[in-house]
There are 2 protein chains.
Amino acid sequence: MISTKGRYALRVMIDLAGQDPHRPVPLKEIAERQQISKKYLEIIVKDLVRGGLIHGSSGKGGGYRLTRAPEEYGVREILELEEGSLAAVACLKDDAAPCPRQGECRTLPLWQEYDKLVKDFFDSKRLSDLLDSRT
Amino acid sequence: MISTKGRYALRVMIDLAGQDPHRPVPLKEIAERQQISKKYLEIIVKDLVRGGLIHGSSGKGGGYRLTRAPEEYGVREILELEEGSLAAVACLKDDAAPCPRQGECRTLPLWQEYDKLVKDFFDSKRLSDLLDSRT
DNA sequence: TATTTACCTACTATGTCAATAGGTAAATGA
DNA sequence: TCATTTACCTATTGACATAGTAGGTAAATA
């Protein structure tokens with residue numbers, strides 16, 4: 001399951017994409033609009049900053065802004081930044097120990113096919129696809 | 001992520017499908033072949049029995065057997081029996097409280113599309129697709 | 001009737017999730 | 001210059017899920 005971190009990260013990104021790209025948006029504002037605890041969002045935006053997906057500026061008049069145009073963000077990279085990995089099963093995670101049953105495993109092809117399905121899906125979805133289309 | 005329960009359940013079903021359908025297969029045997037703790041497997045086969053996917057018979061000469069032909073099992077129903085639900089996000093679980101943000105949520109369509117993708121995938125995969133094709 | 005098998009309830013250690021608490025550092029506007 | 005606003009940092013917590021274990025009882029058979 002996609003955790004709150006991943007889902008909230010997506011909402012933060014969508015929120016930022018809906019604001020004037022030249023005005024830094026304070027986290028307080030995002031938290032209020034999205035009805036999410038500001039304290040908790042701090043953890044999430046920290047990851048987004050470290051991943052280079054957004055930029056933060058301190059002090060009065062500071063806040064966050066996107067570093068690219070919304071079309072340039074894939075949903076997958078946003079989710080993976082928070083979830084660590086979208087791998088369906090433990091043995092397909094990047095840091096997984098090599099499985100001793102690999103050669104004989106009858107389920108591995110299933111998980112590999114599923115893994116590709118999921119990753120391709122979230123790669124194909126762009127941040128811009130999630131923006132409000134009304135007016 | 002798919003947990004060990006779901007993955008082990010699938011391996012139990014595959015194991016049973018590879019055995020003589022008229023001979024009840026003792027759990028001890030499955031545990032040894034699959035290299036999984038018999039004690040832990042007890043929990044899993046209990047669910048499979050309750051779900052009607054396999055049948056158990058007690059006593060000497062007892063064991064487990066499939067209740068249908070391998071083509072008649074969808075991978076989804078096996079996994080859902082152990083995982084509870086394959087829902088991608090909390091708000092799409094069957095027992096989820098109605099989300100107050102539903103009408104305005106910009107991510108809901110994404111999760112719905114993803115949910116359908118996953119469920120359709122595991123519906124389309126049959127137990128028979130996972131059996132060893134060699135010889 | 002001893003043995004083998006399924007089936008049952010309870011317990012536990014570990015880790016992850018979803019936050020909260022309580023700060024420091026940086027930038028700005030008055 | 002200095003109070004205010006903002007980002008940024010480390011640590012802690014309660015609740016829950018995961019991945020098992022422990023120690024039995026009931027049923028069937030050879």
Side-chain angles (χ1 to χ4, degrees), chain A residues 1-12 16 19 23-32 34-67 79 82-85 87-91 93 95, chain B residues 1-9 11-12 16 19 23-32 34-67 79 82-91 93 95:
Chain A
M1 281 229 303
I2 309 291
S3 71
T4 54
K5 273 186 166 182
R7 275 149 43 215
Y8 290 177
L10 216 46
R11 285 169 61 187
V12 166
L16 281 175
Q19 304 300 310
R23 180 184 66 100
V25 183
L27 190 56
K28 192 185 169 198
E29 215 182 288
I30 302 175
E32 280 167 2
Q34 297 296 326
Q35 300 269 67
I36 302 172
S37 143
K38 186 197 162 206
K39 263 305 188 195
Y40 190 40
L41 279 186
E42 282 186 7
I43 299 171
I44 290 159
V45 295
K46 184 177 61 186
D47 293 335
L48 294 174
V49 167
R50 283 190 179 153
L53 273 64
I54 63 177
H55 177 265
S57 49
S58 288
K60 201 172 260 185
Y64 297 95
R65 56 179 176 75
L66 298 183
T67 53
L79 292 181
E82 298 302 321
E83 306 292 329
S85 157
V89 291
C91 63
K93 288 216 283 194
D95 59 345
Chain B
M1 280 230 304
I2 309 290
S3 71
T4 54
K5 272 186 164 182
R7 275 149 43 214
Y8 290 176
R11 283 168 62 186
V12 166
L16 281 175
Q19 304 299 311
R23 179 183 67 100
V25 183
L27 191 57
K28 192 185 169 197
E29 216 183 287
I30 302 175
E32 280 167 3
Q34 296 297 326
Q35 300 270 68
I36 302 172
S37 145
K38 186 197 161 206
K39 263 306 188 194
Y40 191 39
L41 279 186
E42 282 185 8
I43 299 170
I44 290 158
V45 295
K46 185 176 62 186
D47 293 335
L48 294 174
V49 167
R50 283 190 180 153
L53 274 64
I54 64 177
H55 177 265
S57 49
S58 288
K60 201 172 258 183
Y64 297 95
R65 57 179 175 73
L66 299 183
T67 54
L79 292 180
E82 297 302 321
E83 304 293 328
S85 158
L86 292 177
V89 292
C91 63
K93 288 214 281 194
D95 59 345

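A quick note: this is a predicted structure, and the numbers were derived from the prediction, not measured.
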Calculate the interatomic distance between [X] atom [atom1] and [N] atom [atom2]; express it in whole Å.
X       : N      : atom1 : atom2 : value
A/Lys38 : D/dT5  : NZ    : P     : 11 Å
B/Asp47 : C/dA6  : CG    : P     : 16 Å
B/Glu29 : C/dA6  : CD    : C1'   : 15 Å
B/Lys46 : D/dG20 : NZ    : C1'   : 13 Å
B/Ile54 : C/dT5  : CD1   : C1'   : 14 Å
A/Ile36 : C/dA19 : CD1   : C1'   : 12 Å
A/Ile44 : C/dA18 : CD1   : P     : 9 Å
A/Leu41 : C/dA21 : CG    : P     : 16 Å

Below 4.0 Å: OP1/OP2 of D/dC9 and any side-chain N or O of A/Arg50:
yes
Heavy-atom contacts, protein to nucleotides 22-30 of chain C, under 4.0 Å, summarised as B (base), S (sugar-phosphate only) or - (none) per nt, yield B---BBSS-
Base contacts versus sugar-phosphate-only contacts with protein, heavy atoms under 4.0 Å: please encode nucleotides 10-15 of chain C as B, S and - from 5' to 3'.
------
Between atom CZ of B/Arg7 and atom CG of B/Leu79, what is the distance when rounded to the nearest 0.5 Å?
10.5 Å
Applying the side-chain contact (heavy atoms from CB on, under 4.5 Å) test to A/Val12, which of A/Leu53, A/Ile36, A/Val45 qualifies?
A/Val45
What pair of heavy atoms forms the shortest contact from [X] to [Y], and how long is it?
X       : Y       : result
B/Pro24 : B/Gly63 : CB-N, 3.6 Å
B/Ala87 : B/Lys93 : CB-CG, 3.6 Å
A/Glu82 : A/Ile44 : OE2-O, 3.3 Å
A/Glu83 : A/Ser3  : OE2-OG, 2.9 Å
B/Tyr64 : B/Leu16 : O-CD2, 3.5 Å
A/Leu27 : A/Lys38 : CD2-O, 3.9 Å

Identify whether any heavy atom of B/Val49 sits under 4.0 Å from a base atom; if not, whether one sits that close to sugar-phosphate; answer base, sugar-phosphate or nothing.
sugar-phosphate
Ignoring the backbone of A/Tyr40, work out which of D/dT21, C/dT20, D/dC9 is nearest its side chain.
C/dT20
Any idea which of C/dC7, D/dA7, D/dG20 is nearest the B/Tyr64 side chain?
C/dC7
Decide yes or no on side chain to side chain contact (heavy atoms under 4.5 Å, CB included) for A/Gln19 and A/Ile30, but give the supporting numbers first.
CA-CA 10 Å; A/Gln19 304 300 310; A/Ile30 302 175; over 6 Å; no
